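Working notes, structure below.
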Amino acid sequence: MRIAVFNTKSYDRRFLTEANAAFGHDLHFLEPRLEPATASLAAGHQAVCVFVNDVVDAEVLEVLAGQGTRLVALRCAGFNNVDLAAAHRLGIAVVRVPAYSPHAVAEFTIGLLLAVDRHIPRAWARVRDNNFALDGLIGRNLHGRTVGVIGTGKIGALVARGLRLGFGCEVLAADLYPDPELERIGVRYVPRDELLRTAEIITLHCPLTPDTRHLIDTATIDAARDGLMIVNTSRGALIDTAALIEGLKSRKIGAVALDVYEQEADLFFEDLSNEIVSDDLFQRLLTFPNVLVTGHQAFLTEEALAAIAETTLRSAADAEAGKMLQNRVDADRIATSK
Ligand code: NAD
């Protein structure tokens, strides 16, 4: 299949090319992200392959459909950037990679949590400057603390399990579908409001939907415990960034670790070190000593990239052969994904 791979980085090229030895697709790597201005680059390609910040809205899909594209292959799990209703209407199938490596994201989440809580990046910066003073680096034991996990799907379940069994935390959870395996190890499902009010640390692992957009906002921050720590490796818009900054300024929020950010599409995955970044909210976030931000890299392991490439190219092969698409984003998700 002739596939236009948008938003290509060196690692995408490497892992897709390696995996393609088994499939023989005609891969056309493109650096720009997919958006209305670049959709014409997909002309003549039956499939486009895109990532989290590509724009796959109705306008883009209309152009793609008009040019003969029949498949949108997301090389990620989330699909909040795709207008599924428009794709359905235009006869474009949408596939994703539902579970390339939940371990990659879960492990990174716990790493971020520990790093911000125990001030590891600040300590490293000091040591590199031959400053071995410990003032300001006091952390807290994770053992015995109450952590709230919102969304206990593939990633959230691993985080909950690690925190419960590995660190001895009290783990509260909120999900539409409680996981009996987690309940068996002592994870306690509670209503989301109760979790938001009682947890000392909240880690977000639910998808971005109308119900979860800005689930951390001024009201939830006001109602939370003093010194709340928030970890987000899911999707940026789960958090109202302006409210988060106010919570940090008032010291209501004790620490924040983010791998995702509401307006990340304008920043992440690019080297902007020689540019002036005009996103004032993002720049303000970076000024807090108790905030740690990474640029959407929780997924970035060898294992995950290999699995993403393999699953994506297999879906394209199945589409070409007219087989059932196992990783199709179902029409019945349309109602919950917008
Ligand atoms: P998943 O579908 O396995 O789990 C999501 C869980 O959230 C499900 O159990 C679902 O029932 C639950 N949920 C849905 N709506 C909810 C709500 N309103 N309140 C509480 N729970 C709700 O997904 P996953 O593979 O565990 O991924 C979780 C999220 O992580 C994805 O949506 C994606 O946005 C994000 N992600 C980030 C990275 C990264 O690199 N930072 C990588 C992969 C995935």
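Counting starts at 1 for both ligands and their atoms, following the listed order. Hydrogens, waters and symmetry mates play no part in the numbers below; they use all other heavy atoms, side chains included. Quick caveat: nothing in here was measured; it's all calculated off a predicted structure.
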Under 4.0 Å from ligand 1, counting heavy atoms only, is it the side chain of [X], its backbone, both or neither?
X      : answer
Ala174 : backbone
Val105 : side chain
Asp175 : both

| request: Going by the salt bridge (Lys or Arg N to Asp or Glu O under 4.0 Å) test, name the single residue among Arg122, Arg145, Arg140 that passes it with Asp117. | output: Arg145

Checking the N or O distance criterion of under 3.5 Å, is ligand 1 in contact with [X]?
X      : result
Asp211 : yes
Thr209 : no
Val260 : no

Proximity winner for [atom], if only heavy atoms of [options] are counted:
atom                    : options                       : value
atom 43 (C) of ligand 1 : Tyr177, Tyr100, Phe299        : Tyr100
atom 35 (C) of ligand 1 : Ser234, Pro207, Ala157, Gly78 : Ser234
atom 34 (O) of ligand 1 : Lys154, Arg235, Arg192        : Arg235

| Is the closest basic N to carboxylate O distance between Arg14 and Glu302 below 4.0 Å? | yes

| said: Classify the ring geometry of Phe282 against Phe268: parallel below 30°, tilted from 30° to 60°, perpendicular beyond 60°. | reply: perpendicular

For [X], take its heavy atoms, then give the atoms of ligand 1 lying under 4.0 Å from any of them.
X      : answer
Gly151 : 7 (O), 21 (N)
Ala298 : 39 (C), 40 (O), 41 (N)
Thr212 : 17 (C), 18 (N)

| said: With a 6.0 Å cut-off on the ring centroids, do Phe51 and Phe299 count as close? | reply: yes

| field | Minimum heavy-atom distance Leu215-Cys206, with the two atoms named | value | CD2-SG, 3.8 Å

| field | Closest contact, heavy atoms only, Val260 versus Thr233 | value | CG2-C, 4.1 Å

| query | What salt bridge (Lys or Arg N to Asp or Glu O under 4.0 Å) pairs are there with at least one residue in residues 252-263, not counting sequence neighbours? | reply | Asp226-Lys252

| query | Going from OG1 on Thr198 to CG on Leu172, what distance comes out if it is rounded to the nearest 0.5 angstrom? | reply | 5.0 Å

